[in-house]
Peer 1: 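Below: one structure in structure tokens.
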Amino acid sequence: MNQDDGHAPESKLIEQRLQKLDAIRDLGHTPYPYSFDVTHLSSDVIDQFEKLEASEDEVAVAGRLMVTRGHGKAAFADLSDRKGRLQIYIKLDVVGADAFDLWKLLDIGDFIGVRGPVFKTRMGQISIQVKTLELLTKSVRPLPVPKEEVKDGERIVHDAFSDKELRYRRRYLDLALNADVQDVFRKRSAIVSAVRAFLDSRDFLEVETPVLQTLYGGASARPFVTHHNTLDMQLYLRISDELYLKRLIVGGLERVYEIGKDFRNEGVDRTHNPEFSMLEVYQAYADYHDMMDLAETMYAEVATQVTGSPVLTYQGQEIDLSPPWPRIPMLEAIAQYGDIDVANASDADLEGACKRLGADLDPGTERGILINELFELCVEPKLIQPTFITDYPLAVSPLAKKHRDNPELTERFEIFVNGWEAGNAFSELNDPVDQRERFEHQMSLRDKGDDEAQVLDEDYLRAMEYGMPPTGGLGVGIGRMVMLMTDSPSIRDVILFPHMRPEEG
RNA sequence: GGGCCCGUAGCUCAGCGGUAGAGCAGUGCCCUUUUAAGGCAUUGGUCGAAGGUUCAAAUCCUUCCGGGCUCACCA
């Protein structure tokens, strides 16, 4: 939709603007100059107004023309820069005839630079009295600018640019026209910076590991497959960083983390995008208890730094990230929320319970998977406040160490907030013999048709054979963290360019 | 993949059986402190696509394309 075929009405608007471009050149102006020396941002002018007015110093401000209010031989306009909006006032007497002729050829969406002293209008509006005007970029495609008014200090937007598809596809417009969208992505950046600062201050080393991998692993998911031409070989886009980061622990780096993209060839919904940012942290000589301490402290500190408080409101629901968070073993959680005594239930009982809750299971599904299924059905959606669920069944945790008190469980936890899985961690399995058995079991599942079962990685096993110290590992989805801290209902709202089907189907 | 809903001018929307309308943007004229500036005039649409029903379809039916929400699948 909205394709220009050269005859669409939009192209008439573009044609008009291209004609103005010629007219601007005829007046001797360059519509696409190279730079402009900005002395002040819009917010500087407002913050330092008293001083600037008293000194009568000229300021130079650049920005995008968002709205104009013409008055014959004068005009008001609002300029938008990265810090906000500022009114400018252009008067024929002051700018001169040449500049005013240029002004008349400008459109909403053009970038301009202005210089002049600041003043307040009769209505008390801080403005720049434009003495010189420069066109910095001519916009030839009409910008769908909404109308704004300020009433009782509140900014009211009329006819906002709200088509969700267009907002995601043309994110540049969304950013240019919807101020709160810029705020979300500034916050995302602040969150990632805060995470880095938190880990750096604890002597973790940030590293980068391969995205293109000959084998994929570290999670249960289907990968994207690609091909290397010169080597003529199949490669996968990573589904996690885990197996490479643990090789670095073998190498003695002891504390490492990576923030990067993972790719999973799965469905797309409110909390899933095919490529997404993941934080993984590995700490030698630590176990999953230590990783719980680290995770809750990190979440609370990052939230406090970015939003001012560890207590957030997400979609009307208050969420308190202050540590300590409850740590509930999975079987206890199922007893508590689902009222099912797993320890004294037969496999058939568990299968029956899952089916009653709507699960679609293959016959003969192993017990550990049934327990995990039961947990996801009856507990997960109820975990709104941050909670650690600990001690996962062995069957669903092929990279986690067996629980020190119960060999059918692992020392693994996941973080749940708002009913989502927000993190995953374990005491990392470093026994190479046990690890090989787990991989082999995964491969047998794969042979039975489970295309998400993990793949045996011989080099990873070799690394484990050389020896990895006891290690705690933690993975945290950055997108979900950002959703929570920016009160965004969809992961698409925190990804600048979320996955969309191509235009023209 | 299932269910519900949507796709009409550049943007935001109304029209829901008699062959298209508003506001904003655009264009022209007036206006040298306005702020959703204002006044007068005006351009602009094969109503997502293709079939069908009908004397007549933006409007009803079918299919397709794209999207939103939701359930399922999925970390």
Side-chain angles (χ1 to χ4, degrees), chain A residues 1-5 7-17 19-20 66-78 85-95 100 104 107-109 119-127 129 141-151 155-170 173 177 218-222 239-240 262 264-274 276 278 358-360 372 376-377 380 396 414-416 420-424 451-452 475-477 479-480 489-492 500-505:
Chain A
M1 61 185 290
N2 296 306
Q3 292 302 298
D4 294 321
D5 59 8
H7 302 286
E10 187 178 21
S11 71
K12 288 184 189 162
L13 297 174
I14 291 172
E15 189 53 40
Q16 284 174 351
R17 290 190 175 205
Q19 283 166 11
K20 287 182 184 177
M66 298 307 283
V67 59
T68 61
R69 295 177 285 278
H71 289 263
K73 296 182 179 60
F76 290 95
D78 291 348
R85 285 190 178 201
L86 184 64
Q87 177 167 278
I88 61 173
Y89 183 51
I90 297 177
K91 194 154 67 157
L92 173 60
D93 297 348
V94 176
V95 285
F100 207 75
K104 285 189 282 192
D107 286 294
I108 286 169
F119 74 107
K120 262 188 190 172
T121 64
R122 245 182 242 155
M123 303 302 291
Q125 178 75 48
I126 292 173
S127 310
Q129 174 75 62
R141 186 179 287 270
L143 203 62
V145 273
K147 284 280 186 175
E148 294 189 8
E149 67 175 316
V150 179
K151 215 176 211 172
R155 200 168 57 92
I156 301 169
V157 179
H158 300 273
D159 299 333
F161 176 65
S162 59
D163 182 307
K164 286 202 179 187
E165 182 183 359
L166 279 184
R167 286 182 52 200
Y168 295 139
R169 285 195 194 279
R170 304 187 191 174
L173 289 182
L177 302 174
S220 299
R222 281 174 290 167
I239 60 173
S240 99
D262 288 345
R264 297 188 185 174
N265 209 335
E266 290 159 355
V268 178
D269 68 20
R270 192 167 25 125
T271 55
H272 297 264
N273 196 62
F276 61 100
M278 186 78 167
D360 181 20
N372 189 56
E376 289 180 1
L377 291 168
E380 204 176 295
V396 294
E414 292 196 335
I415 299 167
F416 290 91
W420 309 324
E421 180 208 330
N424 182 23
D451 55 3
E452 289 175 2
V476 170
R480 291 183 188 177
S490 167
I491 199 148
R492 290 180 154 185
M500 302 285 281
R501 290 189 208 205
E503 288 185 270
E504 289 178 303

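Nothing here was measured: the structure is a model prediction, and the numbers come from that model. Throughout, protein chains are lettered first and strands after them, A, B, ... in sequence-line order, and every chain is numbered starting at 1.
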Peer 1: Quick one: list whatever passes salt bridge (charged side-chain N to carboxylate O under 4.0 Å, His left out) with Arg270(A), sequence neighbours left out.
Peer 2: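 Salt bridge (charged side-chain N to carboxylate O under 4.0 Å, His left out) list for Arg270(A), sorted by chain: empty.
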Peer 1: Which one is paired to U54(B), where only Watson-Crick or G-U wobble pairs with both distances under 3.5 angstrom count?
Peer 2: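 Per the H-bond distance test, none.
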Peer 1: P atom, A50(B) versus U59(B): distance in rounded Å?
Peer 2: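 My reading of the P atoms in A50(B) and U59(B) gives 12 Å.
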Peer 1: I'd like the P distance from A25(B) over to C11(B), given in whole Å.
Peer 2: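 Approximately 15 Å lies between the P atom of C11(B) and that of A25(B).
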Peer 1: On a whole-Å scale, what distance lies between the C1' atoms belonging to A49(B) and U34(B)?
Peer 2: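 Pairwise C1' distance, A49(B) against U34(B), rounds to 47 Å.
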Peer 1: In the strands shown, is C13(B) matched to any nucleotide by a Watson-Crick or G-U wobble pair with both distances under 3.5 Å, and which?
Peer 2: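 Across any shown strand, C13(B) pairs with G21(B).
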Peer 1: Could you tell me how far apart Leu173(A) (CG) and U12(B) (P) are, to the nearest whole angstrom?
Peer 2: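 So the CG-P distance, Leu173(A) to U12(B), works out to 11 Å.
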Peer 1: When we call it a touch if two heavy atoms are under 4.0 Å apart, what does Ser162(A) touch: a base, just sugar-phosphate, or nothing?
Peer 2: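 Sugar-phosphate, backbone atoms only, no base.
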Peer 1: Would you mind building the protein contact string for nucleotides 67-72 of chain B? One character per nucleotide, 5' to 3', B for base within reach (heavy atoms under 4.0 Å), S for sugar-phosphate only, - for untouched.
Peer 2: SSSS--
Peer 1: Sequence neighbours left out, what passes side chain to side chain donor-acceptor pair (under 3.5 Å) with Asp107(A)? Give chain and number order.
Peer 2: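 Checked Asp107(A) against side chain to side chain donor-acceptor pair (under 3.5 Å); matches are Lys20(A), Lys138(A).
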Peer 1: Indicate, with a heavy-atom threshold strictly under 4.0 Å, whether Ala75(A) touches base, sugar-phosphate, or nothing.
Peer 2: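 Counting heavy atoms under 4.0 Å across all strands, no contact is made by Ala75(A).
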Peer 1: Please encode protein proximity along nucleotides 32-40 of chain B as a string of B, S and -, counting only heavy-atom distances under 4.0 Å.
Peer 2: BBBBBB---
Peer 1: Inspect the contact between Asp93(A) and Lys73(A) and indicate whether a charged nitrogen and a carboxylate oxygen are less than 4.0 angstrom apart.
Peer 2: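 Salt bridge: no.
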Peer 1: Which whole number of Å gives the distance between the P atom of C29(B) and that of C61(B)?
Peer 2: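 Pairwise P distance, C29(B) against C61(B), rounds to 49 Å.
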Peer 1: Quick one: side chain to side chain donor-acceptor pair (under 3.5 Å) partners of Glu149(A), sequence neighbours excluded?
Peer 2: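 With neighbours one apart ignored, the set is His158(A).
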Peer 1: By the 4.0 Å heavy-atom rule, please label Ala219(A) as base, sugar-phosphate, or nothing.
Peer 2: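 Nothing, no nucleic acid heavy atom in range.
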Peer 1: What does C40(B) pair with, Watson-Crick or G-U, if both distances are under 3.5 Å?
Peer 2: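 With both distances under 3.5 Å, C40(B) matches G28(B).
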Peer 1: Looking at G1(B), which nucleotide sits across from it as a Watson-Crick or G-U wobble partner, both distances under 3.5 angstrom, or is there none?
Peer 2: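 Looking at the geometry, G1(B) pairs with C71(B).
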Peer 1: Return the set of residues passing side chain to side chain donor-acceptor pair (under 3.5 Å) with Ser127(A) (not counting sequence neighbours), or none when no residue passes.
Peer 2: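 So Ser127(A) forms a side chain to side chain donor-acceptor pair (under 3.5 Å) with Gln87(A).
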Peer 1: Considering Watson-Crick and G-U wobble pairs with both distances under 3.5 Å, what does C47(B) pair with?
Peer 2: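 Answer to the pairing question: none, since C47(B) forms no Watson-Crick or G-U pair.
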